[in-house]
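Report on one structure; see the data block that follows.
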Amino acid sequence: MLSSIVHSQWDVGYYLDDNGIETNDMFLYQYVVGKFNRGVKKNKKCIYFLEHNLADTSFIITIYPNPKKYKKEVWDYETFQWADIKSGSGVINSVESFCKDGIIFFDGIEYDEFMNAIKEEGVHTVTLKHTGSKTNYEFTFKK
């Protein structure tokens with residue numbers, strides 16, 4: 001695969017309230033370095049921020065296409081897209097996601113489907129082709 005693997009475990013973060021003060025509401029997160037795998041940006045690095053909110057049962061992936069700048073990916077419109085999740089054993093599951101403002105959302109039924117696709121421990125590869133982009137996004141992470 002074209003992606004790098006982050007070898008760290010999930011870190012714990014806490015949401016902030018309106019005053020910027022940490023709350024007791026926590027989430028799991030990790031940064032992953034992946035690559036674009038098609039188009040003009042093929043093989044260029046891309047940063048993915050994975051956020052797993054256990055309380056709200058959501059899994060959110062934020063895309064930062066330039067590792068040197070902290071700016072999210074820009075898409076012209078919001079849309080539903082299929083993400084392919086390949087487990088370490090080679091099983092591929094397609095899960096629908098909602099994509100908006102450089103963020104890929106899995107919640108509700110899609111959250112359950114995503115969690116089922118990554119239920120086995122180990123390395124998983126996520127690939128997404130956004131219709132508003134001329135490239136595919138791909139990264140690998142450890143569960």
Side-chain angles (χ1 to χ4, degrees), residues 1-39 41-42 44-67 69-143:
M1 286 296 161
L2 297 172
S3 304
S4 301
I5 299 173
V6 171
H7 295 285
S8 65
Q9 298 296 320
W10 289 87
D11 289 316
V12 176
Y14 293 89
Y15 292 107
L16 305 178
D17 66 15
D18 292 338
N19 298 315
I21 298 171
E22 221 173 65
T23 68
N24 291 328
D25 298 329
M26 68 174 214
F27 60 95
L28 303 175
Y29 73 92
Q30 67 176 280
Y31 286 94
V32 180
V33 178
K35 293 185 178 179
F36 295 100
N37 72 1
R38 184 176 76 93
K41 296 180 182 179
K42 185 176 181 173
K44 289 189 179 182
K45 288 183 181 180
C46 187
I47 304 295
Y48 300 87
F49 179 73
L50 284 55
E51 176 185 339
H52 186 187
N53 185 323
L54 299 167
D56 289 345
T57 59
S58 63
F59 198 98
I60 300 167
I61 302 163
T62 305
I63 302 171
Y64 298 96
N66 185 338
K69 296 180 181 175
Y70 194 69
K71 290 180 77 176
K72 291 188 295 184
E73 180 66 291
V74 176
W75 295 317
D76 292 336
Y77 51 89
E78 56 192 55
T79 181
F80 287 92
Q81 301 293 314
W82 290 96
D84 291 330
I85 298 99
K86 182 177 179 182
S87 68
S89 63
V91 175
I92 299 174
N93 289 290
S94 293
V95 179
E96 191 173 37
S97 63
F98 179 67
C99 300
K100 178 182 178 180
D101 300 329
I103 302 174
I104 304 166
F105 297 91
F106 297 95
D107 61 359
I109 293 170
E110 291 79 12
Y111 170 82
D112 295 337
E113 291 173 356
F114 183 83
M115 295 311 294
N116 186 53
I118 65 167
K119 68 183 173 194
E120 115 186 11
E121 292 294 321
V123 176
H124 301 276
T125 302
V126 177
T127 306
L128 178 110
K129 178 183 181 218
H130 189 281
T131 56
S133 175
K134 294 179 180 165
T135 190
N136 290 356
Y137 305 93
E138 184 175 290
F139 63 91
T140 303
F141 72 101
K142 289 179 79 173
K143 176 177 177 261

Could you tell me which residues satisfy ring pair (Phe, Tyr, Trp, His ring centres under 6.0 Å) with [X], sequence neighbours excluded, listed by chain and number?
X   : answer
Y29 : F27, F49
Y14 : none
Y77 : none

Closest non-hydrogen atom pair between [X] and [Y], with its separation:
X    : Y   : result
T23  : L16 : CG2-C, 4.0 Å
F139 : I61 : CZ-CD1, 3.8 Å
K72  : P65 : C-CD, 3.9 Å

Can you name the salt bridge (Lys or Arg N to Asp or Glu O under 4.0 Å) partners of K143, sequence neighbours left out? E121
Do T62 and E51 make a side-chain contact, defined as non-hydrogen atoms from C-beta onward lying under 4.5 Å apart? no
Do the non-hydrogen side-chain atoms of V12 and L28 ever get within less than 4.5 Å of each other? yes
Looking just at side-chain N and O atoms, do [X] and [Y] make a donor-acceptor pair shorter than 3.5 Å?
X    : Y    : answer
T127 : E138 : yes
Y15  : N24  : no
N53  : S58  : no

Return a table of donor-acceptor pairs under 3.5 angstrom between the side chains of residues 100-115 and protein atoms on other chains or two or more places apart.
unit_1	atom_1	unit_2	atom_2	d
Y111	OH	H52	NE2	2.8

Residues which pass side-chain hydrogen bond (donor to acceptor under 3.5 Å, both in side chains) with [X], listed by chain and number, not counting sequence neighbours:
X    : answer
Y137 : E73, W75, S133
N116 : K119
E96  : none
S87  : S89

Side chain to side chain contact (heavy atoms under 4.5 Å, CB included) evaluation trace for L50 with V32: CA-CA 8 Å; L50 284 55; V32 180; 3.8 Å; yes
Set of residues satisfying side chain to side chain contact (heavy atoms under 4.5 Å, CB included) with respect to N19, sequence neighbours excluded: D17, I21
Would you sort out whether Y64 and Y70 count as a ring pair (Phe, Tyr, Trp, His ring centres under 6.0 Å), showing the intermediate values? CA-CA 7 Å; Y64 298 96; Y70 194 69; 4.7 Å; yes
Is there a side chain to side chain contact (heavy atoms under 4.5 Å, CB included) between C46 and V33? Walk through the geometry before answering. CA-CA 6 Å; C46 187; V33 178; over 6 Å; no
How far does CG of D11 sit from CD of Q30, to the nearest 0.5 angstrom? 8.0 Å
Distance col, row K142:NZ vs I118:CD1, nearest 0.5 angstrom, shows 14.0 Å
Give the C-alpha distance, both sets of side-chain angles, the deciding distance and a yes or no for side chain to side chain contact (heavy atoms under 4.5 Å, CB included) between K71 and N66. CA-CA 7 Å; K71 290 180 77 176; N66 185 338; over 6 Å; no
Salt bridge (Lys or Arg N to Asp or Glu O under 4.0 Å): which pairs involve residues 18-28, sequence neighbours left out? none
